[in-house]
Undergrad: 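Would you mind keeping the following structure in view while I ask a few things?
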Amino acid sequence: MTTEAQHLGGLNNEQKEAALHMKGPMLIIAGAGAGKTKTITHRIVNLIKEGIVPDKILAVTFTNKAAKEMRERIIAEIEKNAGEQDSVPFVSTFHSLGVFIIKENARVLGLTKYFTILDESDSTILIKESLKELGIDPKQHDPKKIKNIISREKGKFVHLPMFTEERTDYVGKIVAQVWNLYEKKKEKENSLDFDDLLLKATKLLQEREEIRQIYQEKWEYIHIDEYQDTNEVQYLMSKLLSEKHKNIAVVGDADQNIYSWRGANLKNILSFEKDYPDAKIVLLEQNYRSTKNILEAANVIIKKNKYRPDKNLFTKNAMGEKIGFYEALDETDEADFVATKILEILDRAGVAFENGLAGGGTQESEDLSKSNTSPVLSNIAILYRANFQSRALEEAMLRYNIPYQVLGVKFFERKEIKDTLAYLRAALNRDSLSDIKRIINFPARGIGKVTLVKIFADDIENLPVKMKIKIINFYEILEEIKEKIKSEKASQVIKFVVKKSGIENELSSGTEEDMERLENIKELVTLALKYDNLAPGLGIEKLLEDASLASDQDSLIERGEKKEVKNSVKLMTVHASKGLEFKYVFITGLEDGLFPHEKQNEETSIDSEEERRLFYVAVTRARNKLFLSFANFRTIFGSRSINTPSEFISDIPADLLEKEEEKNLLKTIYLD
């Protein structure tokens with residue numbers, strides 16, 4: 001076998017065509033499970049084999065999990081097929097790319113290198129403060145809604161002056177006032193929010209030709225994953241970076257565009273050929289993930305949509321089991337069905353379980369009897385359209401003693417973790433008033449709100465001597481932490497912070513909940529070990545950046561979590577499941593008005609085609625077995641409603657479905 005054949009031997013003809021393309025723009029339309037990451041990886045390796053220096057190559061995707069997987073696969077394939085290299089391609093998320101460009105040009109933007117990245121809650125707090133300072137009641141004008149409006153406008157590459165000029169209505173004027181004060185607060189704190197990371201980096205590329213040319217020369221070959229999910233800013237950033245060499249390869253699937261509510265613009269992928277008339281188009285239709293039954297259902301579902309390039313996924317996989325369908329009495333019955341099915345799956349896998357399932361005596365069974373967990377569990381996902389649905393499902397998992405993990409409960413959002421990281425950020429960025437406000441009296445130092453106001457107003461001289469000493473001591477702690485950051489490895493710095501700040505002493509002598517919080521901080525130390533290979537200072541800097549940009553899916557990335565978290569059933573919204581796959585998938589709540597979701601108003605409405613795409617994404621997460629369920633009765637916001645099955649169920653041909661047996665239930669239903 002030739003070297004080229006070895007390198008491309010595992011690809012089908014269409015994947016090979018994409019991997020061998022060298023010059024000019026290319027659109028790869030990749031259906032669900034069609035091996036797009038594999039194709040991008042081999043294309044990048046092929047470029048390197050053809051003599052392109054690795055650090056001339058950029059690959060951008062949307063989640064840290066996807067970027068991590070792509071980076072690892074690229075490095076492994078380079079080592080295997082392209083020999084030893086002095087550099088590696090730049091693989092990151094859009095937000096990480098924004099951070100990289102901003103940090104390299106911080107002075108131009110009036111920032112210091114150690115600017116703070118505000119998370120969602122930090123941004124909301126600043127907006128709430130802005131409302132209060134403007135004399136606007138936060139109860140009448142929800143800070144989260146205002147934040148979402150600002151975020152959506154920034155995603156469309158709209159700047160404050162543009163917004164102020166265009167929106168002269170009542171709500172628009174309030175948003176403009178809040179936005180203006182919010183920007184001033186961030187500037188004072190030397191901080192940026194998530195949207196700034198894209199907006200400011202793209203604005204810099206657009207307005208400063210000399211800076212734009214640096215990055216156009218730096219990255220001659222550009223790859224954009226999940227192109228259908230790009231908003232206006234991401235679209236413009238990609239275009240600006242690639243406009244000189246035009247070697248841009250984008251991968252996407254219009255059928256998986258499910259984020260219009262956060263600015264994703266379907267026209268970006270549909271108009272690619274118009275933007276790049278000489279673009280090469282490659283269609284990947286062979287699915288390597290799902291059984292024929294699951295795939296046939298997916299094809300039938302999505303064909304009803306009109307705004308999509310025509311394609312028909314096929315697979316050489318087995319026909320597989322039929323799709324299970326369960327008609328539940330109510331949400332409790334539905335959750336019980338899911339739980340008992342999971343126990344059946346474990347039973348068939350020969351897994352012992354505490355509540356009496358047969359074991360089979362395998363090594364896996366013996367391991368499970370010790371830890372009450374099994375690798376089988378992590379191959380099971382329960383999906384739902386709205387977050388409130390998780391309650392009944394979680395209760396069932398607890399009733400049946402099934403380990404589970406809810407995506408969306410982020411490690412970095414826990415109070416104790418945010419407190420620890422706030423010490424690090426405040427040590428590096430003394431202007432970060434939000435962080436200082438968070439930690440100056442934790443652990444308690446007797447520094448109250450009145451004193452805090454005087455500190456922020458630079459009026460410390462008029463404070464009592466004892467209070468001055470407390471404040472001086474606090475800032476000395478921050479200075480010591482800063483020195484440790486400069487000289488020690490990341491994990492050692494965090495150990496020092498926990499001791500020096502008094503957090504360890506505070507939590508170790510507290511309640512059982514406090515002890516659990518301390519365990520979580522120890523977990524942060526374990527996580528920090530992976531940054532210890534970086535130079536002192538850089539390790540903590542990268543840790544803070546990763547923590548700020550963490551997403552729901554990052555809780556799936558192994559970071560030394562407890563074994564029972566790794567080996568657990570995953571509960572998540574369909575949106576959170578994008579890009580993931582599982583052997584067994586349950587799609588719950590398939591009721592008209594819930595999934596497809598009922599339109600409420602202009603701000604939350606989602607067109608019917610997007611709801612259908614969302615269901616298509618849910619179905620194509622399953623590899624071996626898919627279960628669908630709906631409840632005849634469901635309590636939402638305290639009201640009991642009678643439901644009709646979702647139209648999506650009737651779209652699936654009857655010969656692909658098998659009805660799951662109903663349990664003998666004797667319940668009294670009370671209707672309002």
Side-chain angles (χ1 to χ4, degrees), residues 95 115-156 158-164 166-200 231 233 259 261-263 386-388 408-410 412-415 417-419 421-422 425-426 431-442 449 452-453 456 547-552 573 575 600-606 637:
H95 285 90
F115 64 85
T116 297
I117 302 171
L118 302 174
D119 65 18
E120 296 288 320
S121 61
D122 294 331
S123 297
T124 305
I125 288 167
L126 280 187
I127 285 173
K128 189 174 182 179
E129 287 177 5
S130 301
L131 281 164
K132 287 179 177 177
E133 286 180 31
L134 291 165
I136 302 169
D137 187 356
K139 291 179 181 176
Q140 286 190 327
H141 298 278
D142 184 1
K144 281 188 178 179
K145 283 188 178 179
I146 291 176
K147 182 187 76 63
N148 289 339
I149 292 171
I150 294 170
S151 177
R152 193 162 61 242
E153 293 300 319
K154 286 182 176 182
K156 292 190 288 189
V158 171
H159 308 290
L160 177 57
M162 297 161 61
F163 181 84
T164 306
E166 291 171 7
R167 289 289 300 270
T168 55
D169 58 288
Y170 174 69
V171 173
K173 285 179 179 178
I174 287 176
V175 172
Q177 289 180 67
V178 174
W179 189 347
N180 183 45
L181 188 52
Y182 173 56
E183 292 300 324
K184 287 178 180 175
K185 284 179 175 291
K186 285 189 294 164
E187 188 178 342
K188 188 178 179 182
E189 291 199 10
N190 188 38
S191 66
L192 300 176
D193 62 27
F194 283 167
D195 302 299
D196 292 330
L197 302 178
L198 300 177
L199 186 74
K200 290 189 179 294
N231 61 21
V233 180
Y259 294 117
W261 51 275
R262 69 181 190 197
N387 278 306
F388 77 84
V409 181
K410 299 178 189 174
F412 292 113
E413 286 185 357
R414 291 174 175 143
K415 180 188 180 300
I417 302 301
K418 290 194 75 168
D419 290 339
L421 296 180
R425 285 198 299 265
D431 294 325
S432 185
L433 304 184
S434 298
D435 286 315
I436 288 171
K437 191 185 296 184
R438 183 180 188 95
I439 59 174
I440 198 165
N441 202 42
F442 179 77
K449 289 182 180 178
L452 201 58
V453 170
F456 290 169
S548 298
L549 301 180
S551 67
D552 291 350
T573 63
H575 281 101
Q600 298 292 326
N601 53 50
E602 282 304 307
E603 282 190 15
T604 60
S605 68
I606 300 174
F637 298 124

Undergrad: Can you tell me how far the CG atom of D137 sits from the CG atom of L131, to the nearest 0.5 Å?
TA: 8.5 Å

Undergrad: Determine whether more than 12 heavy atoms belonging to other residues, nucleotides or ligands lie under 6.0 Å from atom NZ of K185.
TA: yes

Undergrad: State, with a plain yes or no, whether a side-chain heavy atom of F456 is found less than 4.5 Å away from one of I436.
TA: yes

Undergrad: Under the 3.5 angstrom rule, does the side chain of N180 hit a backbone N or O of A176 as a donor-acceptor pair?
TA: no

Undergrad: Of all the heavy-atom pairs spanning D119 and F194, show the shortest one and how long it is.
TA: CA-CZ, 4.2 Å

Undergrad: Mind checking what makes side-chain hydrogen bond (donor to acceptor under 3.5 Å, both in side chains) contact with K184, not counting sequence neighbours?
TA: none

Undergrad: Over all heavy atoms of both residues, which pair between L452 and I440 is shortest? Give the atoms and the distance, please.
TA: CD1-CG2, 3.6 Å

Undergrad: Strictly below 4.0 Å, N to O, side chains only: are E129 and K132 in salt-bridge contact?
TA: no

Undergrad: Roughly how far, to the nearest 0.5 Å, is the OG atom of S432 from the CG atom of D122?
TA: 8.0 Å

Undergrad: CD of E133 to CG of L181: how many Å apart, nearest 0.5 Å?
TA: 5.0 Å

Undergrad: Can any side-chain N or O of Y182 pair as donor or acceptor with the backbone N or O of S123 at less than 3.5 Å?
TA: no

Undergrad: Per the salt bridge (Lys or Arg N to Asp or Glu O under 4.0 Å) rule, what does the pair list look like for residues 189-199, sequence neighbours excluded?
TA: K154-D193, K154-D196, K186-D193, K186-D196

Undergrad: In Å, rounded to the nearest 0.5 Å, how long is the span from CD1 of I439 to OG of S434?
TA: 11.0 Å

Undergrad: Quick check for you: to the nearest 0.5 Å, what is the distance between N190 atom CG and L433 atom CG?
TA: 10.5 Å

Undergrad: If you apply the rule side-chain contact (heavy atoms from CB on, under 4.5 Å), what do you find for K415 with R438, and how did you get there?
TA: CA-CA 10 Å; K415 180 188 180 300; R438 183 180 188 95; 3.8 Å; yes

Undergrad: About how many Å separate CG of L118 and CD1 of I125, when rounded to the nearest 0.5 Å?
TA: 9.5 Å

Undergrad: Determine whether more than 12 heavy atoms belonging to other residues, nucleotides or ligands lie under 6.0 Å from atom NZ of K144.
TA: no

Undergrad: For W261 and H575, take the angle between the two ring planes, folded into 0 to 90°, and tell me which bin it lands in: parallel under 30, tilted 30 to 60, perpendicular over 60.
TA: perpendicular

Undergrad: With no hydrogens and no angle check, is any side-chain donor or acceptor of T164 less than 3.5 Å from a backbone partner on L160?
TA: yes

Undergrad: Could you tell me whether D431 and K188 make a salt bridge, using a distance below 4.0 angstrom between a side-chain N and a carboxylate O?
TA: no

Undergrad: So do I127 and W179 actually touch side chain to side chain, heavy atoms under 4.5 Å?
TA: no

Undergrad: Looking only at non-hydrogen atoms, find the nearest pair between N231 and G155 and report the distance.
TA: CG-O, 3.5 Å

Undergrad: Any non-hydrogen side-chain atom of E120 less than 4.5 Å from a side-chain atom of K147?
TA: yes

Undergrad: Closest approach of A422 and D435, non-hydrogen atoms and distance?
TA: CB-OD1, 3.6 Å

Undergrad: On a heavy-atom basis, which atom in R167 and which in G172 lie closest, and how many Å separate them?
TA: NH2-N, 3.7 Å

Undergrad: Counting heavy atoms not belonging to E187, are there more than 12 under 6.0 Å from its CD?
TA: no

Undergrad: Over all heavy atoms of both residues, which pair between V233 and L199 is shortest? Give the atoms and the distance, please.
TA: CG1-N, 3.9 Å

